[in-house]
Amino acid sequence: MYSRFERIFSFVIVLFPLFHERDVSATAQERRPHRRKNLQAARKAAGLTQQEMADRLGIGLRHYKKIESGETLGSIEIWDELEDLFSVH
């Protein structure tokens, strides 16, 4: 059985494949578009709006938008909930 951290880490790797493929010299700002596109694509594939995602995560819309845009990463609890929402384990 995997620990909670291992499950969340594997989810992040699945949702953000850029960790495997990126140039190590890339800055955080250069990686943001990949983060945004992957999370946004997963949300849209689930047929959810940003407001619906924020509501399901129990956070404000502004905070969710910052996570989706890559401006902030969010807490482990948010990623745990995202893992459950997208059924990625």
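All figures in this text were calculated on a predicted structure; none of them were measured in a lab.
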Heavy-atom side-chain proximity of Ile76 to Trp79 below 4.5 angstrom:
no
Can you check whether Ile67 reaches Ile59 side chain to side chain, under 4.5 Å on heavy atoms?
yes
Between Phe86 and Ala46, the two heavy atoms sitting closest are CE2-CB, 4.0 Å
Take Glu77 and Glu81 through the test side-chain contact (heavy atoms from CB on, under 4.5 Å) and record every step on the way to the result.
CA-CA 6 Å; Glu77 289 79 16; Glu81 186 66 28; over 6 Å; no
Quick test of your reading: applying salt bridge (charged side-chain N to carboxylate O under 4.0 Å, His left out), list the pairs with at least one residue in residues 48-61, sequence neighbours left out, ordered by first then second residue.
none
Return the minimal non-hydrogen interatomic distance between Leu48 and Arg43, and the atom names on each side.
O-NH1, 3.0 Å
Taking side-chain contact (heavy atoms from CB on, under 4.5 Å) as the definition, give me every residue that meets it alongside Lys65, ordered by chain and number, with sequence neighbours left out.
Gln50, Leu61
Between Leu57 and His63, is the side-chain contact (heavy atoms from CB on, under 4.5 Å) condition met? List the steps.
CA-CA 10 Å; Leu57 294 170; His63 187 58; over 6 Å; no
